[in-house]
Amino acid sequence: MNAKPKCSDPVILNLWHAIVAFAELRPNTVYETVLLEEPVSFAIDSAQTPVAWRSQPAYRAGDTVDPARVADRLLTLSAYGYVWICLGTPAADIFPIPEYFEAKRRNLNAATIGVHVSAPRAIENFLDMGHFPYVHTNILGAEPHTEVKEYEVEITPDGNEVVATRCRFYQPKASAASTEGGDIEYVYRVPHPYCSVLYKTSHVDTARLDVIGIFIQPIDQEHIRAHMLLCLVDEDNDDVAIRRFQLTIFGQDKPILENQFPRRLPLDPRAETPIRADKSSVAYRRWLAQKGVTYGVIPAAT
Amino acid sequence: MIRLYDYELSGNCYKLRLLMSFLKVPYAVVPVDFYPGRQHKSEWFLRLNPLGQLPVIDDEGFVLRDSHAILVYLASRYDPAGPWYPLDKPAVLGDVGQWLAFGDSITATASAARLHDGMFYDLDIGAARAGAHRLFRILDEHLWFGEQEGRDWVCRAAHPTIADIACFPYVMLSEEGGISRQDYPAIRRWCDRFKRIDNFIVMPGVFPASHALAA
Amino acid sequence: MSENAASRWHPIAAAHDVPYRHVFHGQLLGREFAVWRADDGFVNVWENRCLHRGVRLSIGINDGRELKCQYHGWRYSNRSAGCTYIPAHPADAPARTITIRTYPVAERYGFIWSCLDPVTEMPDIAALDQKDLVLLRGISVNAPADWVIERLKTYQFWPTNALGEAAAETVVEGSDEFCVTLRSSRNGAQTRAVLLVQPVDAGRSVIRGALDAAPAGKERIAVLRHHNERLSALRDEVERQAAAQPAPIPIEPVYQPVTPELAAMPERAPPGRNAALRVVVARKWRAGEGVAGFELRAVDGYLPTFQPGAHIDVHLPNGQVRQYSIVNAPGETASYVIGVKREPDSKGGSQCLHEAVREGDVLAISEPRNNFPLRRNATRTIFIAGGIGITPLLAMALALHHSRLAYELHYFSRSLDHFAFPERLGVLGDNLKPHVNLSPETTEARIRELLAVRRPRMQVYVCGPGPMLDVARRIAAEHGWSDSEVRFEYFRNTRKLDDSTGFEVALSRSCITLAVSPGQSILAALRERGIAIPSSCEQGACGTCIATVLEGEPDHQDVYLNDAEKRGGSRIITCVSRAKSARLILDL
């Protein structure tokens, strides 16, 4: 029984979406969530293989289940410590994050947080540096060091990703591991309309990069679950301290995102006022428009 | 030195961080991974607090749970002559007691709604929000009449007390649970006044106010 | 709701709801407002949305003069609602007029009133025109305004001086779509209550009531509680009724699109030395020895937003045009304050202002030009002012002072009496360092001391007589200060200009080539051909007539561009500079 999906945007429907971190799951137990307005249930077996299906009365959250017996399954895959599912036909593989597989890295899910905003707004916020002194005061930025220096943005030739490089911002304390301030360099990628990955120089080993990913699960057009992947070089601080730092950052962004209107990202250039510091957002909005995304955005008037 | 078992995003833990900042009492943070780690339900933590709740303090071996009980203890111990919990004023202490209980009700409603929306706690969200609005109407009315009578704070006292601290965090974070404060202008003014207390600190989700106009 | 709901003035807050340094979150007919009172008492009613990325301004910061958005720190000025500072680009004055949509406001009868689509000014309301009007606590109701009005017609209350006695008689004196007036009588005591209903949204309203009198002290509180209790009960009833029906759909919010210019290219400055504004001289006074202060107020509407360091062209009655820096502190947008030094050897401009122009006269001025933006991202800023050079630096110092950023203002002057605007200088406290009646050698030594210690992320601004600037320039270079760390503002270009060359100028965008003859400036040659370029001082000091050079070697004769810019050769001040090569190609 294949009911008509509530989301009619084929671009978004045919993507892989992260729904949960493996670390939160016990085997053979039913869990529930909502993806693109569809109630979805899932479970993992003792070999950590995920199985997902459109929610049915027979399986309720918390029930014990033998995943092998579930029929009518949705497409699933495991990547970067998360279960991903696709409600449509996946147009491509999951995007690569090679650093995840390096030796001597700490990989963890910082947290999954619910936010009352659209996925694209959350991605734009992730790409933005100008808010560091005002929203992440004395952590990622502080007045009077407010300048967003010129950086580069491009869409990769295959059209798959938006990439921003040479991003620099002065930060008093850039991560759980740092003790003093300095200009931090960032690179941002948007390899998926609802996912972004940032790279910044590790304070522990300046020859390597820390990687932070945000994978947004759209519950509906204006509600999300944001999953945060950390892929760090830090060996001094423990998981709890690292999580605390990232949750502080995200907890500071949440009220800003929830006070943005309209909640969906407007793609019309006349909707909002960009400045040079917004180059990556401008490119991201144009990229979404070119791809034909209509879910979670307000398309430009034609 | 006081050890505070603390979670950065917890409003109840923030109440203690606030008081200890106001009183300039030094403390060491023991981070507990409330979410997603659920460390507050782990064996080692349940030994400290069988209720499995944050915050807990350990003051040189004296262990105490419950944010409001800890507020009472810290104010009585470290600021006995001060106005936060004025031991010499029974009427104010009574007032504080009644508003600490009110603060517990705010936690049960507004904080619950926030946990539902942000961390996917399974609970009756409609009841939580309706409950919070009922309390906010009462608080707004109370603060409005207070302003009419020349009072700036929750209790009938000229200085803020731990009752203000007990009510502030989950009021200030209410929108994260879908509870707007647009209809409560007296509460919004009180929040500004609270943010201007010397040595006020923020937590994620709370922003500082501007400086007051010099008299 | 009738069509005239939008053109009617509604109360959106009590005056009590808008204290200083607070932002009130209001709403009318579905539109959200950020309502804030500036330190000068003016109440601003703005669309509750920052133009940058749509974040609510009601979570922003009211610092008394400007509203600062919580997301990226953009600052918007009192009254004009124009953006005055974008922290991500500290060196650029917001080059475009980014202005929040404002709504009309009236503060009357103890309420703040606004209107979405006004046809008239706010009308008088006779029922509220009472000396002892007492405002009740506003009651928010989750029900449509018309239901609340209907229910209010049956509202029963006691007269103020007969509370709690046997039943009083309450009658409706009058009512309309958004207001019910009732009179309660008992034993000769009478009280009139005017109950306005503010339509917040399709299913939400606020009851805002006022009584025609009330006693003082405890009895007044009793009266307020009486109405609060009864209106709350009424509210509960109406909400029960409303809950039994499906909730009305909220009014669709209307977001004003930004102008096409703001969405893409920066706005082009209007051509020529236009005098776009009419101002009246509201005040003229002796602001210091030899300095006349003028306060210029708009004849109608608001004055445009300025940034600290901006100047205006003043078109004098004698036909001349002179430039004066705006001395104002942030948020002071009701008028521009300028200081005019009497120059004995001038061509008569300052003379005209000192002698002929009087309070009440109307002058034509240009919009503010900001060619000397103040960076606010330095760890410490040093201002060095000589004589009347104080004017732009005073505005800058006041801005940093108000933002609590670190600075020092070194003011070199002939005598204490020569210090201009002493009341404003007084605000700066210890940050003002006076240097009085120093010889040129001592002045140079002092400047040397100031510039001797160069620390990273410090900024220096210098404005004063030409020789002082030249000295400062030399000393700064000696101590390794870069062009981006020290900025010089020249009021005049005292260099001897050599306009004896003739050359060609090609315009890349217009595809025109024109000849510039000896004795003619590039600016004049362009104007002759109908190419409009804005200008102001027309002597190479202010930078307004700047153009971009694509090819050719400029002959810089101005005092606006710094050495690095001059060496770079890609910019030229068209009113005085010329060409070393036979030809220049300009991006025009």
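Labels below follow one simple rule: chain letters A, B, ... track the order of the sequence lines, proteins then strands, and each chain is numbered from 1.
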Participant: A quick test of your reading: do over 12 heavy atoms of other residues, nucleotides or ligands sit less than 6.0 Å from NZ of B:K195?
Facilitator: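 Atom NZ in B:K195 is crowded, with more than 12 foreign heavy atoms closer than 6.0 Å.
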
Participant: What residue in C:D39, C:V23, C:L224 has the most heavy-atom pairs under 4.5 Å with chain B?
Facilitator: C:L224

Participant: Can you confirm whether more than 12 heavy atoms, excluding those of B:R137, are under 6.0 Å from its CZ atom?
Facilitator: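 Atom CZ in B:R137 is crowded, with more than 12 foreign heavy atoms closer than 6.0 Å.
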
Participant: Under 3.5 Å, is there a donor-acceptor pair between the side chain of B:S210 and the main chain of C:I61?
Facilitator: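 Looks like no, no N/O pair under 3.5 Å.
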
Participant: Counting only heavy atoms from other residues, nucleotides and ligands, does the tally under 6.0 Å from CD of C:E219 exceed 12?
Facilitator: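 Check fails, neighbour count at 12 or below.
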
Participant: Name the member of C:N228, C:N62, C:D63 that forms the most heavy-atom pairs with chain B at distances under 4.5 Å.
Facilitator: C:N228

Participant: Would one find more than 12 heavy atoms of other residues, nucleotides or ligands at under 6.0 Å from atom CZ of B:R156?
Facilitator: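 Check fails, neighbour count at 12 or below.
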
Participant: C:H16, C:Q27, C:K68: which one forms the most heavy-atom pairs within less than 4.5 Å of chain B?
Facilitator: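 Answer, by heavy-atom pair count under 4.5 Å with chain B: C:H16.
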
Participant: Does C:R137 come within less than 4.0 Å of B:D140, counting only side-chain N to carboxylate O?
Facilitator: yes

Participant: Considering only heavy atoms, which portion of B:D183 lies under 4.5 Å from any heavy atom of chain C: side chain, backbone, both, or neither?
Facilitator: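 Contact with chain C: backbone and side chain both.
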
Participant: Looking only at heavy atoms, which two atoms of B:R189 and C:P19 are closest? And how far apart?
Facilitator: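 Heavy-atom minimum between the residues: CD-CG, 3.8 Å.
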
Participant: Could you tell me the separation between the CD atom of B:Q182 and the CZ atom of C:R204, rounded to the nearest 0.5 Å?
Facilitator: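 Here the rounded value is 4.5 Å.
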
Participant: Below 4.0 angstrom, N of the basic side chain to O of the carboxylate: do C:R235 and B:E141 qualify?
Facilitator: no

Participant: Around atom CZ of B:R38, are there more than 12 heavy atoms from other residues, nucleotides or ligands closer than 6.0 Å?
Facilitator: no

Participant: Between B:Q148 and C:R220, what is the shortest heavy-atom contact and its length?
Facilitator: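 Taking every non-hydrogen atom into account, OE1-NH2, 3.3 Å.
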
Participant: More than 12 heavy atoms of other residues, nucleotides or ligands under 6.0 Å from CG of B:N199: yes or no?
Facilitator: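 It does: B:N199 CG has more than 12 such atoms within range.
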
Participant: Quick check against the 3.5 Å criterion: does B:R188 have a side-chain atom that pairs as donor or acceptor with the backbone of C:F24?
Facilitator: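 No.
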
Participant: Rounded to the nearest 0.5 Å, what separation is found between the CH2 atom of B:W144 and the CG atom of C:L136?
Facilitator: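 Reported to 0.5 Å precision, the distance equals 7.0 Å.
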
Participant: A quick test of your reading: do over 12 heavy atoms of other residues, nucleotides or ligands sit less than 6.0 Å from CD of C:E229?
Facilitator: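 No - once you tally the heavy atoms of other residues, nucleotides and ligands closer than 6.0 Å, there are 12 at most.
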
